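A short worksheet on the structure shown next.
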Amino acid sequence: MPQLRVELTSEDRVGVTPGEFGVVAIFINGSDEVAQFNVAQASHPSLVLEIEDAQGETVLLGAPDAPTERDSGPGEGVEPGGSVTLEYVGFLDRSQAPGRYRVRYVGRYEPLGGSREDPLASDWLDFELTALEVDFEVAEPLPVRRVDLEQTALRAFFSWWSNWWHNLLCFFRRLFGGEPCDGVFTRNVDEARTEVMADAPPGFEAWNGTYGWRARFRTVVDQSACRVTVTTKVRLVGSITDAQKTAWENAIEADWSNIFKLCCRCCCCKNGYTIVANIEFVTSGEDQVVNVGNTTTNMGNWGRNDTTAVSHEFGHMLGALDEYYTVDGTPWGMPFQTGAGIMNNPNEGPLARHYGLVDQAVEAALGTSCTTRPVSANC
Amino acid sequence: VTIHIQFEVTPTKGRPEELVGHAHFFNQGDAPVSFIPVQLESASLALEIVDREGHPVLLPPPPVPDPSATTVNLAPNESYLVDYPGFLPSWTQPGEYRVRAQLTGVAGPDPDTAAASDWIALIVTA
């Protein structure tokens with residue numbers, strides 16, 4: 001576990017233009033020993049910030065500056081209880097399309113606070129970009145379009161070139177028996193989640209408030225099956241029949257399984273790891289306690305005959321936040337919208353971003369970066 | 001305030017899952033009051049819990065409100081009874097807490113006129 005923890009915040013997360021969007025990272029040493037941290041190296045957004053669009057596609061940042069002497073030095077010591085604050089502004093290309101994105105800090109190397117096996121990572125921070133306002137008297141469409149095309153072509157080339165080298169490396173590794181692809185990697189997740197809900201309309205004001213819970217589950221990455229199994233153990237309190245339990249299990253596992261996969265940058269499972277959900281009812285050693293009642297009233301109280309809302313509540317157990325009204329500053333709109341996904345509309349299935357904590361756990365288990373994609377898509 | 005709330009917890013000492021809240025929402029006004037049942041039935045919406053220092057204890061989010069959900073009318077002098085089994089999250093640390101039932105929106109949008117029960121003292125054990 002890294003000595004430092006990192007929290008990412010941003011003052012303006014809605015309606016901000018790409019070139020002006022910025023985040024503040026606060027690194028806190030919660031241990032009782034001095035933590036080494038290279039501030040100069042961590043100041044390069046391209047080295048430490050990961051950004052994804054609403055489809056879970058990685059947004060590439062510009063190449064970092066050439067390393068300086070400070071970048072390669074030992075860095076600074078952060079005293080126990082001390083903190084370091086870094087601000088990243090203007091790291092997004094001004095041509096970045098409007099829409100919803102998310103960003104997080106990830107330090108996969110010791111100078112950046114973590115390691116490949118155990119990266120220092122913040123929670124994802126959602127934000128929404130607006131279109132850059134262009135002065136039409138000055139801007140000419142053709143050059144702007146050409147710049148976009150050049151950048152797109154450069155990104156495509158960079159991606160192809162990077163993949164080409166990666167595949168070549170994998171080929172040689174396999175040729176010399178370096179990567180047998182039969183590993184099983186397990187990761188337990190226990191993370192506090194909070195959300196602040198606002199802007200509930202008249203009649204629903206009671207929904208405005210701050211909520212908190214713990215996301216707890218275990219991920220098992222099985223390379224031989226190219227599968228990630230996400231298991232949550234639930235202890236039930238109250239009366240329920242076996243048939244009702246089975247109905248919960250079937251509904252939840254159908255909703256959350258075999259819809260998405262994790263495409264990870266490693267030599268095994270080139271077409272990704274299919275995500276399979278597994279809810280286990282136990283009598284001890286639980287991740288969550290669920291009280292059985294007549295109706296589902298929150299993550300810890302489920303209606304015995306409900307097979308819809310419980311699947312939304314399972315999403316909270318995996319760390320997903322609500323996506324209706326305004327949550328943590330992101331305006332999602334009214335609940336039960338068509339196409340808005342299970343955290344807005346419990347009648348629908350999950351979206352890629354709802355597996356964010358699963359993605360993080362698998363990345364930590366494999367020591368590489370992963371992207372959540374539909375099972376039918378190519379990695 | 002048209003809704004009077006009587007609230008108790010049994011027992012008042014025990015592990016989180018052993019504590020059960022019982023709320024009695026009584027319409028003491030002279031007009032019916034309309035509400036969505038889950039607003040009273042979800043501990044996340046109807047209960048307020050603080051620790052010994054007065055810091056709020058956060059509960060998991062309430063269910064997604066269905067805009068087409070049927071509302072319930074509580075006629076004058078009628079009561080609505082709700083039990084909250086295991087309303088405290090399982091990860092609640094042992095210690096002293098206070099809890100009360102409260103309503104916003106139904107009793108009036110102004111927080112000062114929102115209905116609330118008396119505080120009940122609790123001891124959570126490991």
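Labels below follow one simple rule: chain letters A, B, ... track the order of the sequence lines, proteins then strands, and each chain is numbered from 1. From a predicted model like this one, the values you see are computed outputs, not experimental measurements.
- Interatomic distance, OH of A/Tyr211 versus CG of B/Leu45, reported as 5.0 Å (0.5 Å rounding).
- Residue A/Arg218 places its CZ atom among 12 or fewer non-hydrogen atoms of other residues, nucleotides or ligands, all under 6.0 Å distant.
- B/Pro61 has its side chain within reach of A/His316: a pair of non-hydrogen atoms, C-beta onward, lies under 4.5 Å apart.
- Dense packing is recorded around CG of B/Asn73, with more than 12 heavy atoms of other residues, nucleotides or ligands lying under 6.0 Å away.
- In the displayed structure, B/Gln6 atom CD is contacted under 6.0 Å by at most 12 heavy atoms of other residues, nucleotides or ligands.
- Taking CG of A/Asn347 as the reference point, atom CG of B/Asp66 lies at 8.0 Å (rounded to 0.5 Å).
- Pairing each heavy atom of B/Val64 with each of A/Pro335, the nearest pair is CG1-CB, 3.4 Å.
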Run the numbers on B/Tyr84 and A/Asn301 for side-chain contact (heavy atoms from CB on, under 4.5 Å), then give the verdict.
-> CA-CA 9 Å; B/Tyr84 304 97; A/Asn301 291 268; over 6 Å; no
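- Taking both residues in full, the closest heavy atoms of B/Pro62 and A/Tyr324 are given as O-OH, 3.7 Å, listed atom of the first, atom of the second, then distance.
- Each of B/Pro16, B/Ser42, B/Pro37 has some count of heavy-atom pairs under 4.5 Å with chain A, and the biggest count is that of B/Ser42.
- Shown here for B/Pro63 and A/Thr297, the closest heavy-atom pair between the two residues is CD-O, 2.8 Å.
- The greatest number of non-hydrogen atom pairs below 4.5 Å with chain B, out of A/Glu286, A/Met299, A/Met197, is found for A/Met299.
- Nearest heavy atoms, B/Ser44 versus A/Asn298: OG-ND2, 2.9 Å.
- Of the two parts of A/Thr295, only the side chain, counted from C-beta on, holds a non-hydrogen atom closer than 4.5 Å to a non-hydrogen atom of chain B.
- Using a 4.5 Å cut-off between heavy atoms, A/Arg216 touches chain B through its side chain atoms alone.
- The closest side-chain heavy-atom distance from B/Pro89 to A/Trp213 is not below 4.5 Å.
- Summarising the local packing, CG of A/Asn294 is surrounded by 12 or fewer heavy atoms from other residues, nucleotides or ligands at distances under 6.0 Å.
- B/Val38 is listed as a side-chain neighbour of A/Trp207, based on a closest heavy-atom distance under 4.5 Å.
- Closest approach of B/Trp91 to A/Gly212, counting heavy atoms only: CZ2-O, 4.2 Å.
- Contact of A/Asn345 with chain B is not made at all, since no heavy-atom distance falls under 4.5 Å.
- Proximity to chain A involves both the backbone and the side chain of B/Pro65, based on heavy atoms less than 4.5 angstrom apart.
- We find the CD-CG distance between A/Glu195 and B/Leu58 to be 10.5 Å, quoted to the nearest 0.5 Å.
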